[in-house]
Amino acid sequence: QVQLVESGGGLVQAGGSLRLSCAASGRTFSSYAVGWFRQAPGKGRDALAAIIWNTGSTYYADSMKGRFTISKDDAKNTVYLQMNSLEPEDTAVYYCAAGGRFWNSNRWSVPQSYSYWGQGTQVTVSS
């Protein structure tokens with residue numbers, strides 16, 4: 001089992017940037033895919049990006065391409081989400097999640113594809 005801890009959220013002005021981190025403990029990410037999701041108040045959980053740890057293959061929601069970048073640091077067993085040109089509409093709680101052997105790249109954006117979730121980190125973008 002893997003435990004996930006997100007960090008890096010906060011308050012930022014529109015046009016600014018943040019880098020979120022998702023650190024794993026308990027075991028490494030080596031056999032997992034890791035995804036980033038967000039959930040705004042009163043809305044569903046939206047997929048942003050995912051990365052397969054072993055291959056480095058990445059997946060992005062079309063609306064996030066060009067603004068958000070997912071990456072990993074093998075030595076730190078950490079996945080990052082670099083977010084640029086933030087807008088007030090990006091305000092949400094951001095979650096990372098890990099999917100194991102039942103994860104499928106065709107369903108990378110489906111929350112049910114992920115078995116482990118972090119507690120979330122709040123991102124607030126002011127106008």
message: If the condition is side-chain contact (heavy atoms from CB on, under 4.5 Å), which residues does Asn104 pass it with, not counting sequence neighbours?
response: Asn106

Which atom pairs, donor and acceptor, lie under 3.5 Å between side-chain atoms of residues 13-23 and protein residues at least two apart or in another chain?
from	atom 1	to	atom 2	distance (Å)
Ser17	OG	Asn84	OD1	2.9

message: If I take atom OG from residue Ser25 and atom CG from residue Leu4, how far apart are they, to the nearest 0.5 angstrom?
response: 7.5 Å

field: Sequence neighbours excluded - side chain to side chain donor-acceptor pair (under 3.5 Å) pairs with any residue from residues 39-51
entry: Gln39-Arg45

- prompt: Taking only residues two or more places apart in sequence or in another chain, which ones pass side-chain contact (heavy atoms from CB on, under 4.5 Å) with Thr55?
  reply: Ile52, Ser57

- prompt: Which atom names give the shortest non-hydrogen contact between Tyr94 and Asp90, and what distance separates them?
  reply: OH-O, 2.6 Å

All ring-ring contact (aromatic ring centres under 6.0 Å, His included) counterparts of Phe37, not counting sequence neighbours: Tyr114, Trp117

statement: disulfide bond (SG atoms under 2.5 Å apart) pairs touching residues 98-127, sequence neighbours excluded, are none

Phe29: partners by ring-ring contact (aromatic ring centres under 6.0 Å, His included), with sequence neighbours left out: Trp53

query: Taking atom CE of Met83 and atom OG1 of Thr69, what is their separation to the nearest 0.5 Å?
result: 11.0 Å

- line: With sequence neighbours left out, the residues meeting side chain to side chain donor-acceptor pair (under 3.5 Å) with Thr28 are Ser30

- prompt: Is the side chain of Tyr60 donor-acceptor paired with the backbone N or O of Ile70 at a distance under 3.5 Å, no angle test?
  reply: yes

field: Exercise: identify the closest heavy-atom pair between Asp74 and Lys72
entry: OD1-NZ, 2.7 Å

- prompt: Distance from Ile51 atom CD1 to Cys96 atom SG, nearest 0.5 Å?
  reply: 12.5 Å

Residue list, side chain to side chain donor-acceptor pair (under 3.5 Å) with Asn77, at least two apart or on another chain: none

Trp36 CH2 to Glu6 CD distance, which is reported to the nearest 0.5 Å: 5.5 Å

- prompt: Who pairs with Thr124 by side-chain contact (heavy atoms from CB on, under 4.5 Å), at least two apart in sequence or on another chain?
  reply: Leu11, Thr91, Gln122

message: Could you measure the distance from the CE atom of Met64 to the CZ atom of Arg38? Nearest 0.5 Å is fine.
response: 3.5 Å

message: Checking Tyr95 now: which residues fulfil side chain to side chain donor-acceptor pair (under 3.5 Å) with it, not counting sequence neighbours?
response: none

- request: Please name all residues satisfying side-chain contact (heavy atoms from CB on, under 4.5 Å) with Ser105, sequence neighbours left out, ordered by chain then number.
  value: Tyr59, Trp103

